[in-house]
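This report concerns only the one structure given below.
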Amino acid sequence: GWAAEGPGSSGKNRRVSHAMARLEMGSLWEEFNRLGTEMIVTKAGRRMFPTFQVKLAGLDPLSDYVLLMDFIPLDDKRYRYAFHSSSWLAAGRAEPAAPGRVHFHPDSPAKGAQWMRQIVSFDKLKLTNNLLDDNGHIILNSMHRYQPRFHVVLVDPRRDSERFAHQNFKSFSFPETQFMAVTAYQNHRITQLKIASNPFAKGFRDGDPEP
């Protein structure tokens, strides 16, 4: 399950070219992906479930790295959910892309050894549909499809490091983490799977209406 080759690994700095990332909870992501993963976006910002988590290998233990994520539209369409057929249908052109933001892992920068020691969890990342958000949340359009991307960036100590910026990072995408941004779950099977597998959804399971 290790992803070693981000696109264009040749010509990369050797301290990132060997970086490998493995998606954690891969089987759960696969289960959601088979149903068509949906992620809630709210004005205040909502955390992702499943949480995006990776295990890293191949970093230089003594070098500093920044880890970050961004989200790219999968296509130029807006969608709607057809309940009678339990499927998503294209419903026109995508809305103008929201401001392209990145989410820096709060432990950045840190040594390669620290990043490789434990699973890296992006559990602080929140998704919003508020175009005027000033909390640094990732802004997405509801009813649009997205691919999360994960980036490992070497902190280059050289004074003219910006000249080498294109050599100092490596990117990873896991197709099973694609999702539809929604303001409310459309597919009831997604709702059921979220409740069944999310430890924080305990209130729903116990028949308690409080989330």
Side-chain angles (χ1 to χ4, degrees), residues 1-30 32-33 37 39 41 45-74 97-128 133-140 146-158 160-179 181 200:
W2 289 92
E5 287 299 313
S9 287
S10 60
K12 294 288 185 187
N13 187 309
R14 61 180 176 74
R15 287 178 287 175
V16 292
S17 61
H18 301 298
M20 294 191 295
R22 185 185 70 212
L23 181 69
E24 293 295 304
M25 299 193 297
S27 57
L28 183 59
W29 278 105
E30 286 284 358
F32 274 105
N33 190 40
T37 309
M39 293 286 179
V41 292
R46 176 72 71 90
R47 294 182 187 206
M48 294 171 66
F49 184 83
T51 306
F52 190 91
Q53 298 179 328
V54 287
K55 185 88 176 81
L56 288 171
L59 304 182
D60 173 29
L62 301 177
S63 292
D64 284 312
Y65 296 88
V66 167
L67 303 188
L68 56 107
M69 284 186 70
D70 67 355
F71 293 73
I72 54 168
L74 269 168
R101 287 185 170 177
V102 298
H103 173 88
F104 289 87
H105 192 283
D107 294 346
S108 302
K111 299 283 182 217
Q114 182 183 329
W115 290 126
M116 292 188 288
R117 194 173 301 135
Q118 67 255 334
I119 291 166
V120 176
S121 178
F122 282 85
D123 53 356
K124 302 279 191 290
L125 186 157
K126 289 187 178 181
L127 308 177
T128 185
D133 173 78
D134 58 4
N135 297 304
H137 300 330
I138 298 287
I139 301 173
L140 304 178
Y146 292 94
Q147 170 68 61
R149 290 192 307 184
F150 168 64
H151 310 276
V152 177
V153 184
L154 173 71
V155 179
D156 191 335
R158 290 175 286 189
D160 54 350
S161 61
E162 59 275 2
R163 278 180 47 209
F164 307 102
H166 60 288
Q167 301 173 7
N168 288 337
F169 74 92
K170 193 168 181 184
S171 302
F172 302 88
S173 311
F174 300 94
E176 61 270 42
T177 61
Q178 296 171 4
F179 64 86
F200 299 107

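Numbers for residues simply follow the sequence, beginning at 1.
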- Query: Do the side chains of L154 and F164 get nearer than 4.5 Å, heavy atoms only?
  - Reply: no
- Note on the structure: Minimal heavy-atom distance between S17 and K170, with the atoms involved, is O-NZ, 2.9 Å
- Message: Quick check: closest heavy atoms across P148 and T177, and the distance to 0.1 Å?
- Response: CD-O, 3.3 Å
- Query: How long is the span from the CZ atom in F122 to the CG atom in L67, to the nearest 0.5 Å?
  - Reply: 5.5 Å
- Message: To the closest 0.5 Å, what do you measure between CG (N168) and NE2 (H151)?
- Response: 14.5 Å
- Query: T37 and Q178: side-chain donor and acceptor closer than 3.5 Å?
  - Reply: no
- Measure the spacing between CD1 of I119 and CE of M25 and express it to the nearest 0.5 Å. 9.0 Å
Output a table of donor-acceptor pairs, distance under 3.5 Å, between side-chain atoms of residues 51-59 and any protein atom two or more places apart or on a different chain; print 'none' if there are none.
{"residue": "Q53", "atom": "NE2", "partner": "S121", "partner atom": "OG", "Å": "3.2"}
{"residue": "K55", "atom": "NZ", "partner": "M116", "partner atom": "O", "Å": "2.7"}

- Message: Which heavy atom of P106 sits nearest to which heavy atom of K124, and what is that distance?
- Response: CG-CG, 4.1 Å
- Task: Taking atom CZ of R158 as the centre, report whether more than 12 heavy atoms of other residues, nucleotides or ligands fall under 6.0 Å from it.
- Result: yes
- Task: Check for a donor-acceptor pair, side chain of Y65 on one end and backbone N or O of R15 on the other, with a separation under 3.5 Å.
- Result: yes
- How would you list all residue pairs meeting side-chain hydrogen bond (donor to acceptor under 3.5 Å, both in side chains) that involve residues 99-115, not counting sequence neighbours? D64-K111, R101-D133
- Task: Taking side-chain contact (heavy atoms from CB on, under 4.5 Å) as the test, write out the residues that go with F169, two or more places apart.
- Result: K12, V153, S171
- Message: Which heavy atom of P50 sits nearest to which heavy atom of W29, and what is that distance?
- Response: O-CZ2, 3.3 Å
- Message: Distance check, rounded to the nearest 0.5 Å: M48 atom CE versus I138 atom CD1?
- Response: 9.5 Å
- Item | Minimum heavy-atom distance between F150 and A21, given as atom pair plus value | CE2-CB, 4.1 Å
- Message: Nearest 0.5 angstrom please: F71 CZ to M39 CE, how far?
- Response: 8.0 Å
- Specify the closest pair of heavy atoms between D123 and R47, including all atoms of both residues, with the distance to one decimal. O-NH1, 3.1 Å
- Query: What distance do F179 atom CZ and F32 atom CZ have between them, rounded to the nearest 0.5 Å?
  - Reply: 13.0 Å
